[in-house]
Amino acid sequence: MPAQPLRAAEAAASSLLAAVELHSPDAVNLIRQHLVPAVAHFSDYIADHGKGSYIWTTDGQKHLDMGAGIGVVSTGHSHPKVVKAIQDQAARIIHPQQNIFPAHPPMAALLDRLLKICPSQLTRFFFANSGSEAIDNAMKIARAHTGKQNIICFENSFHGRTYGAMAITTSKTYYRQGFAPLVPSVTVAPYPYCLHCKARACAPDGDDWYKVAPNIPPYEPYSARRCCDGPLEAMVAPNTPPYQPYSARRCCNGPLEAMEWVLKQQTAPSETAAVIVEPILGEGGFLTPPPSFLPGLRKLCDKHGLLLILDEVQSGVARTGKWWGHQHMLGEDEQPDIMTFAKGIAAGFPFAGLAMKDHVKENLVPGTLGGTYGGGPLACAAAVATLDVIEGEGLLQNAEARGRQLVAGLLELANRFPIIDVRGRGLMVAAEFGAPDGGLKAPYGLAAKVTKACGKRNMILLSAGARETVRFLPPLTVNEAEIDTALGILSEALEEVFGKG
Ligand SMILES: Cc1ncc(COP(=O)(O)O)c(C=O)c1O
């Protein structure tokens, strides 16, 4: 029987809490009656407490967490040093407010740390409370600094849910559905998704496919031309096993060329403020660009006078085995103009911000940016403690080592199940499914079936992107045994979904 909403009197008498405490099987549905239905829920459990890589729910079950609160609890759930830093700071002062007092000791300590780990030219900071808010502020700064209004973002991007961030988010229509009109002056450019590269799918067979365009002489009549629905659909994708590290992956550089056309045909450089991109696409499916892409983009921005904004909200703060995801691809002399961060920076305490080159401050007028809670001492103290733990416990190295273990395990599973790509860096690793018969087009809903089958086995695993992909984002403290357990659970879940491999 569906749960009935509680009457006001019952709610006032804490009966929701009683339902939770008595472990009523209907408790979660009773609570849902009072939450907006627009937030999607992965499970029907009620979280109680967490430690390291595990979360316990109110019914006493223990869940292995391969999602880390969507890449947030970098130091594991309730790391004692982060907890203590928050508790100690709460006892001193909770909210001096940034307009009233520009700084406090935890902010000074955090700035010291950030100046050490951020790209060397990013020396100005703005603090906020969520990734979306950091993104909106990056857009505002780019417009104010350049005096231009257009922003270029990419296909498959996810930048958040506020109006600015939503307008540059293209990974799924449902992030925007029903919310128009969106913030205008946004142009979407193609992102290199080699596995489903449109140029590649139309190219002839053979190893030199990337050098030959489908329509060049000798002239083929249109009736004979192949398209992505043709025989090539069944061809092996560039990223299938044997695994090729990203550094060795080729790209036709089509997306960079497409950007030049975007600037010629859709948004003139003289009207374009910035290009914004995630170094490794997060919600879009952990798409990891070929090595030439970000350096090419940096050059292109320089050539046309555009700011390059890197959204490191998901890929930043040691997640990929380096402090920032882009550092796998961009050198010291190729730094972004603005970089946003959030998620892993404070291990679960809501905190976000952006770092920018000093000259970007020009044209920023006092009073035009702000926020009641931004840069608060609890958040800064949590962030300092988080960065200390990442350094002190060698979590950059752990992300690298455990990431390699995870990739190796997923590639083994790819021999038995229709996994057509394993990608990512460090502990930001995804596996994309193809069709059970080996084709590239997976049936809709496959990833959700896999994550559900993992959920049944008490493992939290998230999906990503509009295609059928699952993503691993465990705490950076995850150990070897936990990764083995996760791979074992995934293997069982895949057997349930696909049959024995
Ligand atoms: C790359 C990226 N940017 C921005 C955001 C938005 O962050 P928040 O949910 O904290 O607003 C996210 C969230 O998943 C993200 O992955």
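In each ligand, atom 1 is the first atom listed, and ligand 1 is the first ligand listed. Quick note: residue numbers are just sequence positions, from 1. Keep in mind that the numbers below use all heavy atoms, side chains included, and drop hydrogens, waters and symmetry copies.
Between the choices Ser132, Ala165, Ala128, Ala342, the shortest heavy-atom distance to atom 11 (O) of ligand 1 belongs to Ser132. Between atom 13 (C) of ligand 1 and the options Glu133, Gln314, Lys343, the minimum heavy-atom separation is to Lys343.
With sequence neighbours left out, Lys140 forms a side chain to side chain donor-acceptor pair (under 3.5 Å) with no residue at all.
Ranking the protein heavy atoms by distance from atom 4 (C) of ligand 1 puts His159 O, 3.1 Å first. For atom 7 (O) of ligand 1, the closest heavy atom belonging to the protein is Gly131 CA, 3.3 Å.
Heavy-atom proximity to Ser130, at under 4.0 Å, picks out these atoms of ligand 1: 10 (O), 11 (O). Annotation for ligand 1: atoms under 4.0 Å from non-hydrogen atoms of Gly160 are 6 (C). Under a 4.0 Å criterion applied to the non-hydrogen atoms of Glu278, ligand 1 contributes the atoms 1 (C).
The pair Glu260-Lys303 counts as a salt bridge, with a side-chain nitrogen and a carboxylate oxygen less than 4.0 angstrom apart. Ion pairing of Arg467 with Asp421 is absent here, as no side-chain N (NZ or NE/NH1/NH2) approaches a carboxylate O to less than 4.0 Å. Of the charged side-chain nitrogens involved, at least one lies within less than 4.0 Å of a carboxylate oxygen, so that Arg298 and Asp337 count as a salt-bridged pair.
Heavy atoms of Asp311 approach ligand 1 to within less than 4.0 angstrom.
The side-chain heavy atoms of Leu310 and Thr340, taken from C-beta on, include no pair separated by under 4.5 Å.
Counted within 6.0 Å of OH on Tyr163, heavy atoms from surrounding residues, nucleotides or ligands total more than 12; the atom is thus considered enclosed.
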